[in-house]
Amino acid sequence: MTNLPAISVVMPVYNVEAYVAEAIRSVLGQTMADFELIIVDDGGSDASMAICRGFADPRIRIIAQANRGLAGARNTGILAARARIIAFLDSDDRWLPEKLALHLVHLQANPDLGVSFSPSRFIDAAGRPLRLKQQPALRRITPELIFCRNPVGNGSAPVIRRSALDSVAFEHPDERGRLCFFDESLRQSEDIEMWLRLALLGRVRFEGIAPALTEYRIGGGGLSSQVVRQYQSWLGVVERVERHAAGFVASHVNRARAYQLRYLARRAVQLGDHGMALTLIRESLASSRRPLLEEPVKSLVTIAAALAGRLLGPDRFARLAGLAAGGRMGA
Amino acid sequence: MHPPRNGAAGSRLRLVNLLDDFALGGVSRGMGIFANEVIAAVADCRVEALAPAARIAPRLDADLIVLHVPPSWHRLALLASLRLRNPQARIIQVEHSYTGAWEALKVPNQARFRLMLRLAFRLVDHVVCVSRAQADWLQSVTGLPAGRISVIYPYSDNPGLAALPLPQPGARLRIGAYGRFCEQKGFEDLITAMQAGALPACDLVIGGFGPLEAEYRRLAAGNPHIRFAGRISDVAGFLAGCDVVALPSRWEAYGQVANEAREAGRPILVSAVDGLPEQVGQAGLVVDFTDHAAVRAAITALTPERIAAMGKAGRAATANCGLDRALRWAGLIRQLAPVSG
């Protein structure tokens, strides 16, 4: 009856004037053209929305709301979406032109699949590709793999069936009648909580396709205190997952924590706080030795980087680390 | 470039809002929500009026018919003909008026009234209530299954409410009340409470007009602290002159005034009827306006700090409410739309 688009793209926008045009162009340049792009103006204060309104493409829809945060903006976008398949793009990231076409084919060929994802490449603040590439498992994605390794990687990677999202929707605790998909009470780590809820509660099947189709921006700078906050938000996720899958959490939390702490140790190394990195590695090993057994190279490199930073001093280390990452990583 | 979307005539979902009474302020102003982008994206919406004396419903060029006319015995035939003459359409009844408190006051033969509701609801696909309390009552008296009933609060956009500075109460607390001067609104209880001294150090400002105006003025005579503001065309302007807003209604399916007051950061004092208490939360108090001791206790509890906290809570609870209600409508339309072919 209605001519609905094949895919709804949900893009929250909040004070991203430096990047949002690139993000939009990467959507409008998709080879699969049958989509709607829902831009959710999440009540920011910079020129982002003026930039968005500068695009005249009829496939763009703009929805404005008072600030709700990333999860709340994505939820509004999902609620306004018309397609049966929903793709998410954060407004500081980019897609390669084949992104939607390949995920659409993947989902159409596998009707039992709820989430299709692909690896991400990393780009720096200026949009230049870093040598780093995420190389996640693509098949046999179990809930414990999602918990420990998060193969989906980031919020701009997955393309998800609306029916899968609907299967884990819940009512907002403070706003009766507002349907939530992402948990709006989380201000970080809302992705991993959502993927776990989809996998555990919705029994949704995940699978990846090989090409790296998302360019995920790693911001330069940042503070060590953010690493601490990130760990706290991860603990908040564990607490939420425990509510519907206590046995699952009990079985896997030590290994997952070890991986999470190792990841945060790498973040601390990037930020130049090697003391914190070493502390996090110690905590990681105390939680579980399995990362060391399962991914010895990556684990040892993380340990070595933390120690090297200690010995070399932050400035020389940053120069060397920048070279190793393929160019100009922010300090 | 890309395939034409929604281009060809007839490929879009068509939704008709069917009204019978353009004079009813709240209902026709509430049509504005159907112009919201998120609803316009899923359906072409238009408004049509039912002739007041119509016995046979029109054939409508529509996939969804949203009926804003309350059912009644003499309209059952009309409803049946709407169903018969529009077999392709899903019909949604929006219940703007009937409530538990109204039924208790106004319906002499409850069994007959409830039978009429049950018959009417058999002729529609879905019922939208304007408050949770109304839905609970309607479900309990008609046995309508939960899947056929939704709650979507009504919304009319009043520019400037969310930007209004929070009230700064002075020596005298300014209590505002506005609406139609009729039995439903119960403003005489407020005036009587003022005259009995239950609202010490308060000014009462009443906006609106209606059949009971002469009665209100007679009750208020001689009190310099009661003022009539006349017809309200600028809600934000009126609320700017109030510290709190009172709704002493005898029945109230939802009470958009309470929503407007919360958007404006004004604490609400409401009577315990129908859709009013569920709007309160931390944003005000439920008060029995006929109990002067209770009225006095409520007013004296309103310190400037509490007024500020309630105002903020009301504003937080209504942030994005227009968008959320439009999204709920869009979701319901998606859910009920005939499956695309």
Side-chain angles (χ1 to χ4, degrees), chain A residues 1-8 27-43 56-69 72-73 75-84 100-101 162-163 165-166 169 171-181 184, chain B residues 1-15 36-44 63-64 88 90 129 131-132 135 150-153 162-163 263 278-279 281-282 313 315-335 337-341:
Chain A
M1 187 124 295
T2 35
N3 231 336
L4 298 177
I7 298 184
S8 295
V27 177
L28 299 181
Q30 289 293 305
T31 55
M32 202 295 298
D34 185 17
F35 60 81
E36 60 177 0
L37 169 57
I38 300 174
I39 293 175
V40 183
D41 168 8
D42 196 28
D57 195 291
R59 294 170 296 180
I60 296 178
R61 296 168 56 196
I62 295 180
I63 296 166
Q65 66 177 16
N67 180 254
R68 264 185 172 132
N75 286 341
T76 295
I78 297 166
L79 289 169
R82 297 180 295 174
R84 288 161 202 256
L100 292 181
R162 174 64 183 260
S163 56
L165 294 169
D166 285 338
E171 196 173 51
H172 193 293
D174 305 324
E175 295 171 47
R176 203 167 169 176
R178 174 169 164 91
L179 216 51
C180 288
F181 305 90
E184 298 183 10
Chain B
M1 286 289 283
H2 48 85
R5 294 163 40 255
N6 316 323
S11 71
R12 294 260 299 156
L13 207 59
R14 298 150 305 173
L15 182 151
N36 189 296
E37 193 279 347
V38 299
I39 299 179
V42 291
D44 286 329
D63 305 302
L64 286 158
Q88 82 294 343
R90 302 285 160 84
C129 288
S131 64
R132 174 45 55 191
S150 304
V151 177
I152 306 180
Y153 294 144
E263 286 183 276
E278 69 197 78
Q279 294 198 55
Q282 305 297 311
R315 196 158 259 172
T318 52
N320 291 319
C321 68
L323 171 62
D324 282 345
R325 293 166 198 183
L327 284 168
R328 301 213 68 204
W329 267 110
L332 184 66
I333 292 165
R334 273 169 47 100
Q335 177 198 327
V339 179
S340 45

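The chains referred to below are lettered A, B, ... by the order of the sequence lines, with proteins before strands, and numbering in each begins at 1. Values reported hereafter were calculated over all heavy atoms of this structure, with side chains retained and with hydrogens, waters and symmetry mates removed.
- Across every non-hydrogen atom of A:R82 and B:A41, the tightest pair is NH1-O, 2.6 Å.
- Looking only at heavy-atom pairs under 4.5 Å with chain B, the residue among A:R162, A:M32, A:E175 that has the most is A:R162.
- B:R328 CZ to A:L179 CG: the interatomic distance, rounded to the nearest 0.5 Å, is 8.0 Å.
- Smallest separation of non-hydrogen atoms from A:I63 and B:E37: CG1-OE1, 3.7 Å.
- Counting non-hydrogen atoms of neighbouring residues, nucleotides and ligands closer than 6.0 angstrom, the CD atom of B:Q335 exceeds 12 such neighbours.
- B:R334 places a side-chain N or O within donor-acceptor distance of the main-chain N or O of A:A81, the cut-off being under 3.5 Å.
- Neither the backbone nor the side chain of B:R325 comes within contact range of chain A, judged by heavy atoms closer than 4.5 Å.
- Heavy-atom distances place both the backbone and the side chain of A:Q65 under 4.5 Å from chain B.
- Within the 4.5 angstrom heavy-atom criterion, atoms from both the backbone and the side chain of B:V38 approach chain A.
- Here the CG atom belonging to A:D42 is positioned 8.5 Å from the CG atom belonging to B:N320, to the nearest 0.5 angstrom.
- With chain A as the partner, the residue from B:D324, B:I39, B:I152 showing the most heavy-atom pairs under 4.5 Å is B:D324.
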